[in-house]
2 protein chains.
Amino acid sequence: MQVRPVTPTEVTKSLCPAFSSDVLIRKLRGIADISDDDAAALEGLTIQEKDVPANRDILIQGDRPTNSFVVLDGVVCSYKHTGEGKRQITSFFVAGDLPDLHGIHLTVMDCSFSSMTPGRLGLIRHSALRSICEQRPRVAAAFWRSTLIDAAIYREWVTNVGRRDAYARTAHMLCELIVRLRFAGRIEDHVADLPITQAAFGDAVGLSVVHVNRTLQALRRDGLIAMSGTKLRALDWPGLVRAGDFDPTYLHLKDPDVAF
Amino acid sequence: MQVRPVTPTEVTKSLCPAFSSDVLIRKLRGIADISDDDAAALEGLTIQEKDVPANRDILIQGDRPTNSFVVLDGVVCSYKHTGEGKRQITSFFVAGDLPDLHGIHLTVMDCSFSSMTPGRLGLIRHSALRSICEQRPRVAAAFWRSTLIDAAIYREWVTNVGRRDAYARTAHMLCELIVRLRFAGRIEDHVADLPITQAAFGDAVGLSVVHVNRTLQALRRDGLIAMSGTKLRALDWPGLVRAGDFDPTYLHLKDPDVAF
DNA sequence: CGTTCCCTTGACACTGTTCAACACTGGTGG
DNA sequence: CCACCAGTGTTGAACAGTGTCAAGGGAACG
């Protein structure tokens with residue numbers, strides 16, 4: 001542990017399980033090479049913490065935000081509404097992720113963001129991000145890489161929604177969630193805590209609530225997963241990976257150790 | 001027209017309708033602010049031209065390329081195969097686009113690229129791209145922005161495939177193609193030349209060939225489009241936009257003038 | 001204790017797929 | 001020059017996968 005000067009804001013921070021910058025650094029180190037100098041610079045970022053309840057809109061389509069945010073705790077999603085009022089979730093974001101980092105270079109939001117579970121966000125001003133990008137090319141590259149990985153995930157979702165049937169599709173989505181939560185250090189004892197509604201899950205995989213319900217039942221029947229309350233456990237990880245046709249290379253993790 | 005020294009490679013270039021760098025600069029100017037200095041630097045990029053026939057794989061999943069490419073002519077797509085052998089096209093790319101620009105920071109390709117029509121590519125070494133990014137922050141920002149727009153398109157595709165029915169979905173796809181081709185200056189007399197198979201189109205919208213065929217028929221029946229050979233004409237652009245629930249803001253064009 | 005949200009179940013309708021067949025086109029080789 | 005072939009577009013019919021509607025039950029919450 002490095003010794004750092006303690007500012008008033010850090011007093012509040014210290015009440016939380018980790019310094020908010022640590023969550024960000026952990027994530028970036030998971031996808032790129034970050035030197036200690038770079039990490040120190042990141043620790044200097046002003047991150048304003050903010051708690052959000054579940055199902056609260058964080059940004060909506062058309063907004064022109066002046067800051068981005070890092071997910072410190074909980075699960076966040078990006079979504080879009082069609083003209084018919086149907087909702088499609090386009091991606092999930094877990095601790096460490098920067099859902100709207102694209103806001104640095106795309107002024108107007110083309111999708112909305114909402115919390116799926118109670119959580120904690122860390123707001124970072126675009127100006128601060130831009131200046132750290134100018135001063136630290138490796139950090140800029142890491143941020144760019146982060147947005148590229150988001151894009152890779154979108155690509156996978158397009159094929160998931162477009163070409164896999166309900167069974168494989170939900171299995172695939174569960175695999176992705178488990179791997180990402182695991183990578184973010186949010187899985188204990190092989191059990192993921194996912195207080196997510198089946199309706200919301202349906203909005204992610206492009207299925208109706210009823211069908212999600214039946215598909216999850218099928219996955220349970222086949223002994224691939226177990227659910228109790230908001231807890232999800234992968235009983236048969238290789239089987240789930242097979243059922244979901246899941247290959248984690250698209251997540252571009254530096255250490256792709258997905259053993260479970 | 002600026003006067004520039006003519007190198008041997010430029011002699012070959014001059015046989016083509018435009019200098020390959022011009023296609024790239026036109027595109028970047030369409031999405032970002034590029035100064036004349038930046039443009040001059042881009043003109044200095046070594047771009048190796050290469051003709052490709054239709055339906056030729058350019059890169060395949062797992063490759064670790066050392067260069068990216070710009071589409072100079074024709075239509076290119078990125079796609080993925082599922083374990084069941086089904087194909088999903090995840091995006092189209094037209095003149096000016098940089099389909100695999102993410103290769104700069106993601107070493108291993110998570111999807112494949114293929115030409116959909118006969119075309120011309122311009123190969124640019126990653127090292128050259130990296131060095132121009134280091135020297136010209138605005139160019140770096142433009143490239144980053146380009147990849148962010150790709151991501152925005154993926155997001156739209158997820159919702160298109162996940163939540164719109166066949167009719168709206170194909171209408172939406174046609175709208176996107178027309179706007180992007182138009183923006184790339186590849187539409188004349190309100191007619192797009194799209195020598196694309198209905199099977200390939202089905203792989204893009206996540207529908208079977210048969211259903212694509214019937215849906216296109218429905219769009220023609222309703223007077224929205226006309227097709228003859230490889231030519232596509234939008235007979236009723238507002239109607240097509242309405243049918244496709246199409247809002248071009250996700251393309252993040254600097255001048256979103258989609259009037260047709 | 002009622003309300004609300006969510007999960008669950010059944011019946012049924014509908015969208016889209018699969019299979020099979022045929023027409024049209026352009027290319028190729030005898 | 002013609003026969004053949006492969007690729008593409010088109011059509012019909014049967015079928016599978018998913019959505020919709022409706023209703024009940026359980027848990028959380030005010």
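Naming: A, B, ... by sequence-line order, numbering from 1 per chain.
Look at CG on A/D165: it is 15 Å from C1' on C/dT18, rounded to the nearest Å. Taking atom CG of residue B/L219 and atom P of nucleotide D/dG9, one finds them 15 Å apart after rounding to whole Å. Here the P atom of nucleotide D/dT10 and the CZ atom of B/F201 are 13 Å apart, to the nearest Å. Rounded to an integer number of Å, the gap from CD of B/E84 to C1' of C/dT17 is 13 Å. Counting to the nearest Å, the C1' atom of C/dG16 and the CZ atom of B/R169 are 9 Å from each other. One atom, CG of A/L232, and another, P of C/dC7, lie 13 Å apart when rounded to the nearest Å. When rounded to the nearest whole Å, the span between CG of A/D203 and P of C/dC6 equals 12 Å.
Across D/dG19, D/dT18, C/dC6, the shortest atom-to-atom separation from the side chain of A/R214 is found for D/dG19. The listed nucleotides are D/dT11, C/dG16, C/dT18; the one nearest the side chain of B/Q217 is D/dT11. For B/N213, whose side chain is taken as the heavy atoms from C-beta onward, the closest listed nucleotide among D/dG9, C/dG16, D/dT18 is D/dG9. Between D/dC21, D/dG19, C/dT18, one nucleotide has an atom nearer to the side chain of A/H211 than all others, and that is D/dG19.
Among the heavy atoms of the strands, none lies under 4.0 Å from A/V209. In this structure, B/T197 reaches the sugar-phosphate backbone alone: every heavy-atom distance under 4.0 Å involves primed, P, OP1 or OP2 atoms, never a base. No engagement by B/G229 is indicated, since no non-hydrogen atom pair under 4.0 Å with the nucleic acid exists.
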Step-by-step ring pair (Phe, Tyr, Trp, His ring centres under 6.0 Å) determination, A/F92 to A/W157: CA-CA 11 Å; A/F92 291 128; A/W157 281 43; 5.6 Å; yes
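No hydrogens or angles considered: a donor-acceptor pair under 3.5 Å links the side chains of B/Y167 and B/D222.
Among B/V52, B/D100, B/T117, B/V71, the single residue meeting the side-chain contact (heavy atoms from CB on, under 4.5 Å) criterion with B/V76 is B/V71.
In this structure, B/R220 places its CZ atom where more than 12 heavy-atom neighbours from other residues, nucleotides or ligands lie under 6.0 Å away. Within 6.0 Å of CD on A/Q48 lie no more than 12 heavy atoms contributed by other residues, nucleotides or ligands.
Residues A/M227 and A/R163 each lie close to DNA chain C; by heavy-atom proximity, the contact nearer the 5' end of the strand is made by A/M227.
The side chain of A/R220 contributes an N or O atom lying less than 4.0 Å from OP1 or OP2 of C/dT8. B/Q198 has no side-chain polar atom (N or O) that falls below the 4.0 Å cut-off from OP1 or OP2 of D/dG7.
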